[in-house]
S.K.: 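Starting off with a structure, shown below.
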Amino acid sequence: MAQPFSLPDFYVPYPARLNPHVEAARTHTREWARSMGMLEGSGIWEEKDLEAHDYALLCAYTHPDCSAEALSLVTDWYVWVFFFDDHFLELFKRTPDREGGKRYLDRLPAFMPMERGAATPEPENPVEAGLADLWARTVPAMTDDWRARFAESTENLLNESLWELANIHEGRIANPVEYIEMRRKVGGAPWSAGLVEYAANAEVPASVAASRPLRVLRDAFSDAVHLRNDLFSYQREVEDEGENSNGVLVLEKFLDCSTQEAAEAVNDLLTSRLQQFENTALTELGPLCAEKALDPAQTAAVLAYAKGLQDWQSGGHEWHMRSSRYMNGGGEAVPGFGMSAASIKLTLRSETARARSHSHVPYQHVGPSLLPDFDLPFTTTLSPHLEGARVRLVDWARRMGILEAQPGVPGSHIWDEERIRAIDLPLCAAGIHPDATPDGLDLSSGWLAWGTYGDDWFPVVHGRTRDLAGARLANDRLSLFMPLDDEGTPEPVNALERSLGDLWRRTAGPMDADARRTFRTAIKTMTESWLWELANQAQNRIPDPVDYVEMRRATFGSDLTMSLCRLGHGRKVPEAVYSSGPMRSLENAAADYACLLNDLFSYQKEIEYEGEVHNGALVVQNFFGVDYPTGVAIVHDLMNSRLRQFRHVAEVELPVLYDDFGLDAEAREVLAGYVRELEHWLAGILIWHRGCRRYREEDLRGGHAAPWHLGGPTGLGTSAAQVTRMMAQLAGSRG
């Protein structure tokens with residue numbers, strides 16, 4: 001069969017090396033697979049299939065330095081996961097049988113008990129038998145923290161197979177952002193990263209495992225692994241198996257381009273993710289280890305983990321070039337079959353992209369922002385208390401000191417009364433929460449003002465002087481003004497601290513301890529994202545597109561938005577529903593639409609007047625090497641695809657989720673209301689962008705937006721509007 005495209009020229013920044021224990025692993029894993037029932041008689045594989053796939057070679061390349069015992073165990077894990085993939089395909093994807101697939105998947109967590117030595121059920125198939133055996137052999141060497149993380153990634157790998165199954169059944173192809181997010185779970189690379197910790201004897205300390213640098217290393221590693229696999233497996237998955245979950249197919253449909261062009265774009269994204277990995281390892285790991293006071297052994301483990309992920313990248317590439325499981329003809333496959341990864345390989349395309357991301361010239365004239373027709377199907381009304389909120393917000397900001405220079409801080413007079421009136425944040429709050437009381441609307445407007453002021457403050461006070469250390473210390477101090485119990489707060493040194501303390505007391509007071517902790521975490525997620533922006537600005541680095549989309553949600557305050565809305569739901573909905581894949585997809589799709597909407601409106605302000613590098617249209621231009629109008633068109637297409645996903649999740653996936661969890665009528669009504677709240681959120685944000693005096697060229701020339709980064713509404717007020725409803729419910733419960 002002819003290949004659908006020629007393999008692109010891969011960027012391979014790390015050399016591939018082969019573990020000397022490969023033959024021992026081949027012998028061991030063949031007998032292990034037979035003993036688990038995966039070979040003759042399984043209906044899935046024969047011995048010749050296992051030999052042809054050569055998973056021992058994969059593991060020997062991806063774990064070149066581990067012992068023979070560790071290599072054999074890791075190889076067994078990979079045999080198990082690939083067997084699961086083929087087993088699930090034959091039993092449930094080819095049918096397709098979602099109910100049977102769900103029953104099959106629901107049994108598997110029981111074979112990964114958290115309690116050491118706990119009994120497991122009697123296995124009913126080779127997948128269950130293999131998982132029980134592997135879990136018992138692996139976990140004694142690892143901590144409870146690792147076991148919990150690895151079990152979670154394994155369950156994600158298994159459970160998101162239902163997402164693939166649903167898309168196949170519907171004939172649906174995911175949008176690019178959705179695909180990247182879901183591929184991390186179903187593709188298994190985060191799971192592979194967990195095995196790197198085991199094989200490299202480099203368990204990541206619990207104190208840093210959830211930090212941004214470690215998360216980005218894992219996610220960038222995962223995306224590169226998956227995108228590489230998509231290139232090699234396109235022919236097998238799309239043409240033979242009828243799969244819709246392939247990155248080449250996703251970009252082919254989204255960009256409306258040829259398969260070859262889509263393959264090149266996937267390879268460019270693979271390269272970008274590898275370069276994101278490099279940037280994070282070089283610029284963020286060292287400060288993280290120092291900040292968390294890791295001892296030498298812990299620091300060595302973090303660095304060994306990063307090296308293990310690097311080894312995996314080139315080893316995985318080498319194996320794909322050799323394995324009969326994939327399309328590996330063309331491109332660099334001949335002559336010297338597969339050996340190109342044995343040494344570092346840079347490409348003209350990869351280095352051009354790297355240079356382009358660091359060579360942006362700020363303050364270029366771009367003219368008025370280009371705005372497409374926003375066909376948003378949701379509407380809202382405005383609170384009748386809007387005019388009073390506008391007056392009261394100015395008064396509150398004056399009392400907090402926001403409208404004046406801060407003592408001893410040069411250049412800190414960033415807002416005045418004219419500017420806060422022009423920004424008109426109460427308009428945003430009034431559209432998002434039209435039923436708010438006067439006090440509730442004031443609180444919503446105050447959160448919007450605080451978030452936007454803080455987003456302005458950090459670039460002016462710390463960004464201009466590249467004071468990244470001072471910015472981190474200032475950010476750390478903000479937590480002191482969000483106490484979890486009755487402890488006091490220090491004397492504020494500026495308006496940002498003073499206004500945060502005021503809003504926290506008014507908002508968090510009625511909350512219980514868990515709700516207060518969730519609320520504070522959401523605020524910290526947003527404020528820490530300001531440090532990420534400063535770091536990119538210091539490097540003059542246009543972000544990688546995946547990192548940008550994911551961090552843009554944080555700079556927009558999306559986590560805070562969602563947590564506040566959930567708090568208003570009380571205890572009527574299980575927390576597991578909110579952490580489920582469909583619910584996170586719904587929230588992320590809404591957040592991305594709003595973030596990119598802001599980027600299109602604010603393009604001239606940010607690029608021409610503020611010298612910014614954080615704008616979705618600029619990120620797209622940089623990645624694809626296209627002009628501004630083309631970048632706007634791509635961003636708008638992505639917005640519309642995210643909007644379609646939002647509606648698809650609400651109409652198709654959530655009802656299935658409700659059935660899976662057996663939710664009662666009250667919980668279903670709460671979640672239906674949540675969907676409506678998010679629709680109001682989107683409609684209110686669009687109304688605000690069209691109505692405020694902030695983004696039009698005449699506003700910029702008239703001085704309503706200062707020549708520094710002011711940012712759009714962070715999303716805080718959009719969530720805080722929901723605090724009104726939450727506080728009213730709490731007050732009602734107190735009688």
Side-chain angles (χ1 to χ4, degrees), residues 3 5-26 29 49-66 68 70-72 74-79 81-82 187-189 191-193 195-196 199-200 220-237 247-248 263 266-267 269-271 273-275 277-278 305-347 349-350:
Q3 289 189 180
F5 58 84
S6 296
L7 288 174
D9 196 11
F10 290 96
Y11 170 62
V12 187
Y14 321 115
R17 296 175 294 118
L18 186 65
N19 192 301
H21 305 298
V22 59
E23 286 300 332
R26 283 191 179 112
T29 206
D49 298 308
L50 184 63
E51 296 289 340
H53 297 163
D54 203 355
Y55 300 116
L57 183 66
L58 166 66
C59 295
Y61 269 122
T62 55
H63 303 281
D65 299 320
C66 69
L71 182 63
S72 292
V74 169
T75 302
D76 291 347
W77 270 111
Y78 278 87
V79 168
V81 80
F82 279 103
W191 174 87
S192 294
L195 286 177
V196 166
F221 160 81
S222 300
D223 296 343
V225 168
H226 295 148
L227 293 169
R228 179 183 292 106
N229 178 263
D230 286 349
L231 287 163
F232 281 96
S233 64
Y234 178 92
Q235 189 168 33
R236 174 177 179 268
E237 292 180 345
V248 178
V266 166
N267 190 47
L269 187 55
L270 189 166
T271 298
R273 298 307 281 151
L274 289 174
Q275 292 177 347
F277 183 101
E278 294 163 359
Y305 172 66
K307 175 184 175 296
L309 296 179
Q310 292 174 339
D311 288 337
W312 212 111
Q313 289 290 347
S314 287
H317 180 84
E318 188 73 8
W319 178 72
H320 276 86
M321 293 301 297
R322 292 172 173 269
S323 176
S324 66
R325 186 178 175 92
Y326 301 110
M327 180 188 88
N328 47 29
E332 56 185 313
V334 289
F337 182 71
M339 292 307 294
S340 61
S343 60
I344 295 174
K345 179 184 176 185
L346 309 182
T347 71
R349 193 160 177 147
S350 71

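Position 1 is the first residue of the sequence, and the numbers go up from there.
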S.K.: Between His53 and Phe82, does the ring centre distance come in under 6.0 Å?
M.R.: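 Not under 6.0 Å, so no.
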S.K.: Compare every heavy atom of Ser222 with every heavy atom of Ala189, then report the nearest pair and how far apart it is.
M.R.: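 Heavy atoms only, the tightest pair is CB-CA, 3.3 Å.
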S.K.: Going by side-chain contact (heavy atoms from CB on, under 4.5 Å), name the residues that satisfy it together with Ala25, two or more places apart in sequence or in a different chain.
M.R.: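 So Ala25 forms a side-chain contact (heavy atoms from CB on, under 4.5 Å) with Ala56, Leu71, Ser72, Thr75.
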S.K.: Could you work out, with salt bridge (charged side-chain N to carboxylate O under 4.0 Å, His left out) as the rule, every residue matching Asp76, not counting sequence neighbours?
M.R.: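 By the salt bridge (charged side-chain N to carboxylate O under 4.0 Å, His left out) rule, Asp76 matches Arg137.
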S.K.: Give the minimum heavy-atom separation between Val248 and Leu231, together with the two atoms involved.
M.R.: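 Scanning both residues, the minimum pair turns out to be CG2-CD2, 3.8 Å.
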S.K.: When you compare the side chain of Phe232 with that of His317, does any pair of heavy atoms fall below 4.5 Å?
M.R.: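 Yes - at least one pair of side-chain heavy atoms lies under 4.5 Å apart.
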S.K.: With sequence neighbours left out, write down each residue that passes side chain to side chain donor-acceptor pair (under 3.5 Å) with Asn267, or none if nothing qualifies.
M.R.: none
S.K.: Can you name the residues that form a side-chain contact (heavy atoms from CB on, under 4.5 Å) with Ala24, not counting sequence neighbours?
M.R.: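 By the side-chain contact (heavy atoms from CB on, under 4.5 Å) rule, Ala24 matches no residue at all.
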S.K.: Could you pull out all residues at least two apart from Asp230 that satisfy salt bridge (charged side-chain N to carboxylate O under 4.0 Å, His left out)?
M.R.: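 Scan of Asp230 (salt bridge (charged side-chain N to carboxylate O under 4.0 Å, His left out), adjacent residues dropped) gives Arg183.
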S.K.: Are side-chain heavy atoms of Asp311 and Thr62 found at a separation under 4.5 Å?
M.R.: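 Side chain of Asp311 against side chain of Thr62, heavy atoms only: no contact under 4.5 Å found.
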S.K.: Partners of Arg26 by salt bridge (charged side-chain N to carboxylate O under 4.0 Å, His left out), sequence neighbours excluded?
M.R.: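 Scan of Arg26 (salt bridge (charged side-chain N to carboxylate O under 4.0 Å, His left out), adjacent residues dropped) gives Glu23, Asp54.
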S.K.: Could you list the residues that satisfy side-chain contact (heavy atoms from CB on, under 4.5 Å) with Ser192, not counting sequence neighbours?
M.R.: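 Tyr78, Phe221, Trp312.
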S.K.: Looking at residues at least two apart in the chain, or sitting in another chain, which of them share a side chain to side chain donor-acceptor pair (under 3.5 Å) with Asp223?
M.R.: Arg184, Arg273
S.K.: Going by ring-ring contact (aromatic ring centres under 6.0 Å, His included), name the residues that satisfy it together with Tyr11, two or more places apart in sequence or in a different chain.
M.R.: none
